[in-house]
Each structure stands twice: as C-alpha cells, then as structure tokens.
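Down below is the structure, laid out as structure tokens.
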There are 2 protein chains.
Amino acid sequence: MKYSEAKSDLIQAWGNLGYSWGLNKVMAQIHALLMVSAKPLSAEEIMEELKISRGNANMNIRALLEWNIIYRISVPGERKEFFRAEKDTWVLARQVAKERRKRELEPILKTLKNVSAVENDGTEETKEFKKVVKELKGFAEKSDGLLDTFIKAEENWFWSTIMKVFK
Amino acid sequence: MKYSEAKSDLIQAWGNLGYSWGLNKVMAQIHALLMVSAKPLSAEEIMEELKISRGNANMNIRALLEWNIIYRISVPGERKEFFRAEKDTWVLARQVAKERRKRELEPILKTLKNVSAVENDGTEETKEFKKVVKELKGFAEKSDGLLDTFIKAEENWFWSTIMKVFK
DNA sequence: TTAAACTTTCAGTATTTATTGAAAGTTTAT
DNA sequence: ATAAACTTTCAATAAATACTGAAAGTTTAA
C-alpha cells in the first residue's frame, strides 16, 4: 500500500470515528491529518490537502484547539500560524476522555441527580421511575469514577494494572 | 419535583445523551420512555407521549430493536405489539458497549490494520505515519480488550475488581 | 371472504448541521 | 502610514439527517 493511499484511508476512517466523540467529519479529518504529519501544517496546507474552504478549516481548527488536542505553533520568520496535533496517544486519549466526560457524562449525572428528588406520590409509575433512576445514577457514578482514574493515570500503570487483574 | 416533570427532564436529557452513542434524539427518547415505564407501551402510546408521528415511532422502535436494547412483547388478547426496554442497567450497558464496539471500534481497528501495511519508501512522512499508526493501533487493541472483558463480565465481579485495584 | 386493526414503508418535506467565499478584522513589514 | 499577509467571521447556501402522513402491506376477528 502506498503512503498517499494509506494516509487517505486513515483520514477517512478517522473522520467517521470522530462522529462518535462529538466531532464532525472535517474536524476529525483535520485532526487525523495533523496526527500523521511529520511537521506542523498551516491552515493553507490543511485546506489544500483536504480540499475544504478557508472558513471551514478555520472553524474546525478552532474547535480542535478548544478540545486541546491540537496546538497552535508560531514559527520564527513566518507570518502564518502552524498547527500540530498532540502526538502522545495516551495524552490524546486522556484529553478526549476529559472533554467527553464534560460534554456527555456531566449533564446526565446532573439530570439524574435532579430527578432523583422526584416526590413519592405512591403510584406504580413513580416507584418504577425512582428505581430506574437510582440504578442509572449508580452506574453513571461508577463510570465517572473509572473515567476519572483513567484521566489521571500514568499510562504504564493503567494498562499493567488492567492486564494484571483481568487476565 | 413532580413525576411528570422529572420524567420529562430525564427523557430530554437522555435524548441528548443518545447522540453520543450514535442514536438520534427521538430514538433515545423512546428508549428513555420505555426504561422508566412500569409496563410495556404500544407504538400508539409512544406516539402520544412523545408527540411524534406513527412513522417516526415505527422507524426508531425498529432501530432500538436492532440494538437489542428494547424488546417486542405480544400480549394475549391484544392485536397491538407492545415494547419494553431492557431493565437491567448492567445488561443494557453491555449491550450498548457491544453495539458501539461493532459500529465504532471495529471499523477503525480494521483500517489501522490495513494501513499498517504501508510500504517503506524511506521518507520522513511515511516514517512518522507508521509510528503514529502503530501507537494508535496499540491503544485501540488494548481498549478493545478492555471492552471485551466488560461485555463478558458479571457485574459484581467487574466493579469490585475495579474498586479493589484503583482505590 | 371481508374488513377492521395494526404495522411498515416511502416520497416529499422540514429541520438541522455543515460549508462556502468574501467581507471584516488583525498583524507585520516596508 | 500603507499595504500585504494572514485570520476570523458571517449571511447565504448546500448537504445531511430527521420527520410526516398516507399509501401499502400484514394480521386477526367476524
């Protein structure tokens, strides 16, 4: 397989995967492109490689910066801004986990906590509701705890601990 | 907080959460409604509660059935089909994990495996590409393994094992 | 067999999300 | 101060996704 083909395949696949994190396709594709690049790229280069407009590039670069999974690089002697991706997979994974926890888990935890306070009105419906909410809340809290551990963990420790226990 | 308000809040929040799993809003809302219901509901009841069309209800019920997180119930003496959600949070979580693994993780694993076979052409770009792909592949495989363990695990064992090690 | 009850499908439409390209804004070099 | 280089913004448009309501299809009771 040729490099250009492999790169294109990875960028496409990453574009699709990004939807599951809450990224749009182009945002994820820019990320993939920066991840596999040996050096930082300018918005112009990104535009050209992915065949997107300057505005689209700008907006999605911005969003990736907000996720803190790419960084803005100033190169002496260049007016242009350059961008590079986080290159350490572990750091990347933790950062993605952190953002998703904030965007996905925290809102549902908050709602579950709020609706836990539903009044006891004696009906079967409310009884079932409370039961379901209690269980969901428990699961969500445990998951939050596990995610917290992951976000704070050192890579070797995390995987070796997992392997030790689960094998 | 009144039951009806709590229910509505949860359904809304679940609708938003569902996007992160690859469900659309109504699909997730139907799921939430069925989860908190004390008894199975018909398509008619779902339509009325969520104020959606019969066609929309049907399509999203169908999708949830495909995810295997709700079940079709035949009630003797009734022509209508009824639906109920999986009520065991653990079983639900595992099923969601299973589906997402299939839809999200497997495609990227496959692509990473494919592009690992990129030719060595001696360029810096290809060298960097191979390095990044190797790391991503490693992380994805480990995550797949962890997910596999989760999908197959018994609830008490899983959480107590996690707690024992991480605390 | 017929018709009522029920479910599914689908073409057209509505809504949401994504994208564009140029205007507006900012920075830097002369 | 001026203009070139660069970045951001935004109104309009395009594309994708979601939804409708009625037609088509299926099941059941009489």
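Just so it is clear, the structure is predicted and the values come from calculations on it, not from any experiment. Naming convention: chains lettered A, B, ... in sequence-line order (proteins, then strands); numbering from 1 in each chain.
What you find for B:Leu147 and B:Ala97 is that their closest heavy atoms are CD1-CB, 4.2 Å. Counting all heavy atoms, side chain and backbone alike, A:Ser20 lies closest to A:Arg100 at O-NH2, 3.1 Å.
Here the side chains of A:Tyr71 and A:Phe83 are not in contact, with every heavy-atom distance at 4.5 Å or above.
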Run the side-chain donor-acceptor check on residues 133-143 of chain B: report pairs under 3.5 Å with partners two or more places apart or on a different chain.
residue, atom, partner, partner atom, Å
B:Glu135, OE1, A:Thr89, OG1, 3.3
B:Lys137, NZ, B:Glu141, OE2, 3.1
B:Ser143, OG, B:Phe139, O, 2.9

Nucleotide by nucleotide, nucleotides 2-20 of chain C touches protein heavy atoms under 4.0 Å in the pattern (B base, S sugar-phosphate only, - none) --BBSBBB--------SBB
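Checked by atom type and distance alone, the side chain of A:Gln95 pairs as donor or acceptor with a backbone atom of A:Trp67 at under 3.5 Å.
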